[in-house]
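Below you'll find the structure, written out as structure tokens, and then a few comments.
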Amino acid sequence: MQENIYILVTQTGTNISKILKLFTRKPYNHVSISCDPNLQEMYSFCRNTPGKPLPATFNKEIVGEGTFGKFSNIPCEIYKIPVSGRQKNLITKNLEHFKNNREYYSYNLIGLGLIFLHIAYNRKNKFVCSQFVSHILEKSEVDLDFSKPSCLLTPEDFRHVDSAELIYKGELNAFYKMKNRQSETFAIPAEQTFHSA
């Protein structure tokens, strides 16, 4: 039975995101993973508190709260990726592991620099957002056929996955409000596609 997972790439207004954008020249510099089409639960490696870039680790991200709650305009793209029921169960299980063992993980600050230098090096229990999403997918036997090691992946790479379908491009808060309004009146099929103007 086919299931879906969702990959969200965003550009917030934090100073770190602005600096990354200067270096990468890419529209998005953060990536999260969700099993929920309504994005009620998203997960990534990011700052623990909105006002400070560190400490940072595995976090549940909620639209309108935390760092996402600081900004009224968050450009994003949302991709749907088909997976098997077994793979989705593995993703859920692997996310639960991080939820239950959050204190053993931290942000891969050195790894962020190594990505820019194109030096492949895995650091135990340390991730940036793109390394974390890739790690979850690999541990869940989801092969997205990337052409480089997972430790060198960036949010931009997730925009070019052959099996991924772009279901929304626009402002994150607007997507979330639209989904909530529509879910109050009828159930939204997971495959329904939304695009902003």
Side-chain angles (χ1 to χ4, degrees), residues 3 5-12 14-24 26 28-36 39 41-62 65-68 79 81 83-84 86-164:
E3 300 276 0
I5 59 167
Y6 302 87
I7 300 294
L8 172 77
V9 289
T10 53
Q11 180 68 31
T12 63
T14 65
N15 289 332
I16 297 296
S17 288
K18 291 175 182 176
I19 292 170
L20 286 173
K21 192 171 184 178
L22 284 175
F23 279 99
T24 66
K26 302 299 181 184
Y28 309 103
N29 288 289
H30 184 62
V31 61
S32 313
I33 186 170
S34 178
C35 292
D36 174 21
L39 303 184
E41 291 193 11
M42 300 179 291
Y43 299 95
S44 190
F45 263 64
C46 54
R47 60 181 65 196
N48 293 350
T49 57
K52 298 186 295 183
L54 295 173
T57 187
F58 170 81
N59 282 296
K60 176 180 177 179
E61 298 178 303
I62 301 173
E65 296 184 18
T67 303
F68 282 154
Y79 292 86
I81 296 176
V83 295
S84 69
R86 180 177 184 277
Q87 288 170 324
K88 190 165 185 177
N89 287 337
L90 285 171
I91 290 170
T92 301
K93 179 181 177 181
N94 287 318
L95 287 172
E96 283 297 322
H97 167 79
F98 276 86
K99 292 179 195 177
N100 296 329
N101 297 277
R102 183 173 177 266
E103 67 273 17
Y104 297 111
Y105 294 95
S106 60
Y107 195 80
N108 191 4
L109 196 58
I110 292 174
L112 185 62
L114 294 177
I115 289 173
F116 285 108
L117 296 172
H118 305 288
I119 298 173
Y121 180 65
N122 288 298
R123 300 183 71 209
K124 185 178 180 181
N125 294 351
K126 295 182 182 294
F127 300 92
V128 301
C129 60
S130 50
Q131 292 169 339
F132 164 72
V133 172
S134 175
H135 174 79
I136 289 292
L137 295 174
E138 285 184 356
K139 291 282 286 183
S140 306
E141 302 174 7
V142 179
D143 183 8
L144 298 184
D145 198 27
F146 288 116
S147 61
K148 56 186 174 181
S150 61
C151 60
L152 292 180
L153 291 176
T154 68
E156 177 69 15
D157 292 309
F158 290 91
R159 302 178 65 215
H160 305 285
V161 173
D162 289 340
S163 61

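For Lys93, the NZ atom sits in a loose shell: 12 or fewer heavy atoms of surrounding residues, nucleotides or ligands are nearer than 6.0 Å. Shown here is Phe116, whose CZ atom has more than 12 heavy atoms of other residues, nucleotides or ligands within 6.0 Å. In Asp162, the CG atom is not crowded: 12 or fewer heavy atoms of neighbouring residues, nucleotides or ligands sit closer than 6.0 Å. Around atom CD1 of Ile110, no more than 12 heavy atoms belonging to other residues, nucleotides or ligands sit under 6.0 Å away.
Atoms CD1 and CG, on Ile81 and Leu144 in that order, are 5.0 Å from each other to the nearest 0.5 Å. Note that OG1 of Thr14 is 7.5 Å distant from CG of Leu20, once rounded to the nearest 0.5 Å. With rounding to the nearest 0.5 angstrom, the NZ atom of Lys124 is 12.5 Å from the CG atom of Asn122.
When atom types are taken as modelled, the side chain of Glu41 and the backbone of Cys35 share no donor-acceptor pair closer than 3.5 angstrom. Ser140 contributes no side-chain N or O that, together with a main-chain N or O of Val142, makes up a donor-acceptor pair within less than 3.5 Å. Remark: side-chain polar atoms of Ser130 are paired, donor with acceptor, to backbone N or O of Leu153 under 3.5 angstrom.
Residue Cys129 comes nearest to Ser44 through the heavy atom pair CB-OG, 3.2 Å, listed as atom of the first residue, atom of the second, then distance. Residue Asn108 comes nearest to Gln131 through the heavy atom pair ND2-OE1, 3.1 Å, listed as atom of the first residue, atom of the second, then distance. Nearest heavy atoms, Ser106 versus Lys126: OG-NZ, 2.8 Å. Between Phe158 and Ser134 the shortest heavy-atom distance is CZ-N, 4.0 Å.
In the model, Thr154 has a side-chain atom that pairs as donor or acceptor with a side-chain atom of Asp157 under 3.5 Å. For the residue pair Arg102/Asn59, the side-chain donor-acceptor check at 3.5 Å is satisfied. Side-chain atoms of Asn29 and Thr24 include a donor-acceptor pair closer than 3.5 Å.
Of the candidates Phe58, Phe132, Phe98, Tyr43, Tyr105 forms a ring-ring contact (aromatic ring centres under 6.0 Å, His included) with just one, namely Phe98.
Comment: Lys99 engages Glu96 in a salt bridge, judged by a side-chain N to carboxylate O separation of less than 4.0 angstrom.
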